[in-house]
Protein chains: 2
Amino acid sequence: MNYPNGHKRTPPPTGGKKNKKPDYSNRGMTLEEDINQTNQAYLRSGKAVIHKKPTPVQIVNVDFPKRSAAVIKEAYFKQPSTTDYNGVYNGRYIDFEAKETKNKTSFPLSNVHEHQIQHMKQVIEHGGICFIILRFSQQEETYLFPAEKLFSYWERQNSGGRKSIPYKDIQQGGHFIPLKFHIRVDYLSVLDEVYL
Amino acid sequence: MNYPNGHKRTPPPTGGKKNKKPDYSNRGMTLEEDINQTNQAYLRSGKAVIHKKPTPVQIVNVDFPKRSAAVIKEAYFKQPSTTDYNGVYNGRYIDFEAKETKNKTSFPLSNVHEHQIQHMKQVIEHGGICFIILRFSQQEETYLFPAEKLFSYWERQNSGGRKSIPYKDIQQGGHFIPLKFHIRVDYLSVLDEVYL
């Protein structure tokens, strides 16, 4: 799901094996790439200041060669304690996580961690706007799903219930984000309708 | 200044060589450690949700041993394109950078980068609250300095002027943050007076 820096999935060439139908709306860009492109477009046009946080890494060993840059020789990926994206839009604090699933019928809750849920609750308590952007990569559909709705599925799971959110619940309770050309995942337009 | 993860300056033992006078207000904690402790206190008490972003790292080579966690074998520190800290307080977007200097008479502007200044300007344009927290470690004094005031010094430097902010300008134009025991650098209390 979260591809760390330098380890991004490279997009398959157009018309490659993975693209069975000639679909020009999604040429194998990952959700992360789409959102980064979107955030850059927002920044350039002065719409919002939203960035992806760096991948959290636990650095264990660093080499400092003379006359050249420090080289990290041993480090490990850490589980993020917050969400991946945050920033400011129209004076409001925006905070979200982005997740992609190949699952056709539901979004597995194993994609989210307990402390991310706690973080989302804290953000909402303090007046921030919090949500997840979900992509069903098989259907090529992307949804904005409010964190408030995610919580009830999370609690149901914690009390022994199902470990995923059904696709149809996301269709109904979430908000479809159409894929566009210039601003690929224009989630702020959807946000305008839902929250502002 | 910015110590990357895993490379933090360890605090000297109390009464060690570096503490000539018995000063219990600052036992060699770095500004970063003080702010992290402060942010944790804010989070626990429900005052605000403000986190330090992970250190940005360019990952070049990752080893995936069987049955154990991925090991990053080669990576480099990247220059941050935004500030180190952001979050939400009373519904407002908060964004700041923290810098410590051993210089007694001025704060060298070389501690800040051009794209950080650009980021700060964008934050303010979008209704966020932006500032730097400066510590003069020799004087053991910490100040909140609004980003708006930093810009004029930055522009003066860019047009050939001095490359630092005089200590007395920070005393006058900034806001002293007293060092406390439970919430070590209580910058939000200062913010309440200045902005809210």
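Below, chains carry the letters A, B, ... as their sequence lines are ordered, and counting in each starts from 1.
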Revision key, fill the gap. For B:Pro54 and A:Pro56, the nearest pair of non-hydrogen atoms, with its separation, is CB-CA, 3.8 Å

Practice item. State, yes or no, whether a side-chain contact exists between A:Arg92 and B:Arg92 at a heavy-atom distance under 4.5 Å. Key: no

**Study point:** B:Tyr93 and A:Ile94, any side-chain heavy atoms less than 4.5 Å apart
**Key:** no

Review point. So, does A:His126 use its side chain to make a donor-acceptor pair with the main chain of B:Gly46 at under 3.5 Å?
Key: yes

Check your understanding: Do A:Val88 and A:Tyr85 share a hydrophobic cluster, counting only Ile, Leu, Val, Met, Phe, Trp and Tyr and linking them when any side-chain heavy atoms are less than 4.5 Å apart?
Key -> no

**Study point:** Side-chain heavy-atom pair A:Ile72, B:Tyr76 within 4.5 angstrom cut-off
**Key:** no

Review point. How far does NZ of A:Lys53 sit from OG1 of B:Thr82, to the nearest 0.5 angstrom?
Key: 10.5 Å

Point to revise | Best-contacting candidate, B:Asp63, B:Leu43, B:Val123, against chain A by heavy atom pairs under 4.5 angstrom | key: B:Leu43

Review point. Looking at NE2 of B:His51 and CD of A:Gln122, how far apart are the two atoms once the value is rounded to the nearest 0.5 Å?
Key: 6.0 Å

Review point. What part of B:Glu74 gets closer than 4.5 Å to chain A, counting heavy atoms only: side chain, backbone, both or neither?
Key: both

Exercise for review: Any chance you could lay out the side chain to side chain contact (heavy atoms under 4.5 Å, CB included) test for A:Asp95 and B:Val49, step after step, and finish with the verdict?
Suggested key: CA-CA 11 Å; A:Asp95 193 298; B:Val49 185; over 6 Å; no

Check your understanding: By a 4.5 Å heavy-atom criterion (distance strictly below it), what part of A:Glu125 contacts chain B: side chain, backbone, both, or neither?
Key -> neither

Check your understanding: Any chain of hydrophobic side-chain contacts (each under 4.5 Å) joining B:Tyr187 to B:Tyr89?
Key -> yes

Check your understanding: Does B:Met120 share a hydrophobic cluster with B:Ile165, counting links as ILVMFWY side-chain heavy atoms below 4.5 Å and allowing steps through other members?
Key -> yes

Practice item. Using a cut-off of under 4.5 Å on heavy-atom pairs, state which of A:Gly127, A:Gly128, A:Gly87 scores highest against chain B. Key: A:Gly87

Review point. Is there a side-chain contact between A:Asn86 and B:Asn86 (heavy atoms, below 4.5 Å)?
Key: yes

Review point. If you draw a 6.0 Å radius around NZ in A:Lys73, do more than 12 non-hydrogen atoms from other residues or ligands fall strictly inside?
Key: no

